[in-house]
Trainee: 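Structure incoming, see below.
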There are 2 protein chains.
Amino acid sequence: MRLSTKGRYAVTAMLDLALNGAKGPVTLAEISENQGISLSYLEQLFAALRSKELVRGVRGPGGGYYLGKSADDISIANIICAVDEWVEFTRCGGRQNCSRGARCLTHSLWDDLSAEIFDFLANISLEDLIKRGSIEAEKKTPELNVVPNGDSQAA
Amino acid sequence: MRLSTKGRYAVTAMLDLALNGAKGPVTLAEISENQGISLSYLEQLFAALRSKELVRGVRGPGGGYYLGKSADDISIANIICAVDEWVEFTRCGGRQNCSRGARCLTHSLWDDLSAEIFDFLANISLEDLIKRGSIEAEKKTPELNVVPNGDSQAA
DNA sequence: TTAATACCAAGTAAATAGGTAGGAAATTAG
DNA sequence: CTAATTTCCTACCTATTTACTTGGTATTAA
């Protein structure tokens with residue numbers, strides 16, 4: 001999994017689309033103004049989003065973008081993967097010389113964690129985010145068998 | 001939250017340290033060889049980790065690095081934040097002109113999600129990762145009130 | 001036909017990732 | 001004490017990625 005500002009731009013743009021798309025297509029110019037992202041950078045992001053059918057473009061005057069499917073069927077992971085490529089598995093499957101095993105083990109652990117994060121984001125849809133409006137408060141421990149470590153804040 | 005290869009390097013290096021640190025300090029040279037990361041890049045990463053007291057260095061022959069505290073007290077979020085700085089909140093608190101409210105709303109949604117991801121990683125310690133060895137299987141839905149959307153895999 | 005819009009391609013400046021080089025300081029083995 | 005080992009420190013460097021710019025073409029509503 002990879003989480004960059006590029007992914008954030010894509011998610012916020014998609015949120016904008018989901019929030020304002022009810023009354024007709026939303027132009028990139030609007031999103032650009034609303035979100036403070038340059039028009040042609042948005043074009044690049046939306047080219048990627050369109051190729052994954054997460055958005056649908058309508059040309060001509062009065063055109064713009066719709067969501068490609070229901071906000072309920074678009075996960076955050078979908079969006080981030082669309083713009084970030086994300087084929088960067090570290091599986092040392094054969095070609096990497098995992099000399100001492102240590103590399104394979106840590107890579108395997110990382111891969112598992114990475115999959116876990118992906119799963120987490122794959123289970124949050126645009127609709128979820130919007131419905132909730134604000135999440136915060138009332139956090140429970142995540143699903144995996146963790147030991148709350150009491151030291152979870154940033155330094 | 002920010003999740004890059006830099007953070008991955010840091011996490012795998014810390015895992016290496018946790019796995020091999022029982023029988024004395026681990027040198028960066030060893031980690032470099034095990035994980036395939038250049039020595040001086042590791043030095044940069046460990047300078048950041050050291051400043052957050054996540055590792056403790058021992059100089060001289062036979063020296064190396066120990067974990068700065070128990071593997072149970074070091075969360076994945078701790079590690080990633082140490083090397084990634086991560087002060088990039090998009091809070092448009094005052095200075096940003098949130099012209100139409102759309103920006104503030106989407107930013108707020110993103111911030112909430114970002115905090116959620118952080119919390120997720122803050123509740124996974126090095127010890128958790130190692131103990132489990134392999135996570136996979138038996139995933140339950142994350143804690144927040146999500147609607148499993150049945151479309152959670154990458155495109 | 002004109003204007004608005006998506007779409008497309010090439011290039012660019014800035015930031016970041018990741019690595020090199022060359023040390024100084026501490027500490028241990030001899 | 002000396003030499004080797006290792007952390008620690010600074011500066012620089014290259015490749016990639018971000019984010020943006022420019023200059024278009026295609027489509028379509030009015």
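Proteins come first, then strands; the chains are lettered A, B, ... in the order of their sequence lines, and each starts at number 1.
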Trainee: Residues two or more places apart in sequence or in another chain: which of them pass side-chain contact (heavy atoms from CB on, under 4.5 Å) with B:Glu53?
Mentor: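 With sequence neighbours excluded, B:Glu53 shows a side-chain contact (heavy atoms from CB on, under 4.5 Å) to no residue whatsoever.
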
Trainee: Which whole-number value in Å describes the distance from A:Leu39 CG to D:dT22 P?
Mentor: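 The distance from CG of A:Leu39 to P of D:dT22 comes to 12 Å, rounded to the nearest Å.
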
Trainee: Quickly work out the A:Asp84 CG to D:dA19 C1' distance and round it to whole Å.
Mentor: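 Interatomic distance, CG of A:Asp84 to C1' of D:dA19: 14 Å.
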
Trainee: Establish, with yes or no, whether the OP1 or OP2 oxygen of D:dT5 is under 4.0 angstrom from a side-chain nitrogen or oxygen of B:Thr27.
Mentor: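 So the side chain of B:Thr27 is outside the cut-off, no N or O lying under 4.0 Å from OP1 or OP2 of D:dT5.
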
Trainee: At under 4.0 Å between heavy atoms, how does the protein contact nucleotides 8-14 of chain C? Give one character per nucleotide, 5' to 3', with B, S or -.
Mentor: B------

Trainee: Return the set of residues passing side-chain contact (heavy atoms from CB on, under 4.5 Å) with A:Ala71 (not counting sequence neighbours), or none when no residue passes.
Mentor: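 With sequence neighbours excluded, A:Ala71 shows a side-chain contact (heavy atoms from CB on, under 4.5 Å) to A:Leu67, A:Leu126, A:Glu127, given in chain and number order.
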
Trainee: Return the set of residues passing side-chain contact (heavy atoms from CB on, under 4.5 Å) with A:Ser70 (not counting sequence neighbours), or none when no residue passes.
Mentor: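 Here the qualifying residues are A:Asp72, A:Asp73.
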
Trainee: Return the value, rounded to whole Å, for the distance between atom CG of B:Leu3 and atom C1' of C:dT16.
Mentor: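 It is 16 Å, rounded to the nearest whole Å.
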
Trainee: Could you give the CG-to-P distance, from B:Leu17 to D:dT7, as a whole number of Å?
Mentor: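 That distance rounds to 11 Å.
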
Trainee: Would you mind reading off the distance between B:Leu42 atom CG and D:dC9 atom C1', rounded to a whole angstrom?
Mentor: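 Those two atoms, CG and C1', are 16 Å apart.
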
Trainee: In chain order, what residues pass the side chain to side chain donor-acceptor pair (under 3.5 Å) check against B:Thr27, with sequence neighbours excluded?
Mentor: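 Side chain to side chain donor-acceptor pair (under 3.5 Å) list for B:Thr27, sorted by chain: B:Glu30.
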
Trainee: Do the side-chain N and O atoms of A:Ser108 and A:Asp111 include a donor-acceptor pair separated by under 3.5 angstrom?
Mentor: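 Judged by distance alone, the side chains do not pair up.
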
Trainee: Does A:Tyr41 have any side-chain contact (heavy atoms from CB on, under 4.5 Å) partners at least two apart in sequence or in another chain, and if so, which?
Mentor: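 A:Tyr41: side-chain contact (heavy atoms from CB on, under 4.5 Å) contacts with A:Lys6, A:Tyr9, A:Ile37, A:Ser38, A:Gln44, A:Leu45.
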
Trainee: Want to settle it: does B:Arg56 or A:Ser38 sit nearer the 5' end of DNA chain D, counting the closest nucleotide to each?
Mentor: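 Result of the comparison: B:Arg56.
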
Trainee: D:dT18 phosphate, OP1 or OP2: any side-chain N/O from A:Arg2 under 4.0 angstrom?
Mentor: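 For A:Arg2, the contact criterion (side-chain N or O under 4.0 Å from OP1 or OP2 of D:dT18) is met.
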
Trainee: What's the CG-P distance between B:Leu45 and C:dT16, to the nearest Å?
Mentor: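 Those two atoms, CG and P, are 15 Å apart.
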
Trainee: Which nucleotide in the set D:dT5, D:dA19, D:dT7 lies at the smallest distance from any side-chain heavy atom of B:Tyr65?
Mentor: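 Of all the options, the side chain of B:Tyr65 is nearest to D:dT7.
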
Trainee: To the nearest 0.5 Å, what is the distance between CD on B:Gln35 and CG on B:Leu28?
Mentor: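 If we round to the nearest 0.5 Å, B:Gln35:CD and B:Leu28:CG are 12.0 Å apart.
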
Trainee: Grab the OH-P distance between B:Tyr66 and D:dT6 for me, whole Å please.
Mentor: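 The distance from OH of B:Tyr66 to P of D:dT6 comes to 13 Å, rounded to the nearest Å.
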
Trainee: For the side chain of A:Pro61, counting heavy atoms from C-beta on, which of D:dA29, C:dG19, C:dA17 is nearest?
Mentor: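 It is D:dA29.
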
Trainee: Taking NZ from B:Lys6 and C1' from D:dT16, how many angstroms apart are they, rounded to a whole number?
Mentor: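 Checked: the NZ to C1' distance equals 14 Å.
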
Trainee: Which is more 5' along DNA chain D, the nucleotide nearest A:Gly7 or the one nearest B:Gly60? Just name the residue.
Mentor: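 It is B:Gly60 whose nearest nucleotide is closer to the 5' end.
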
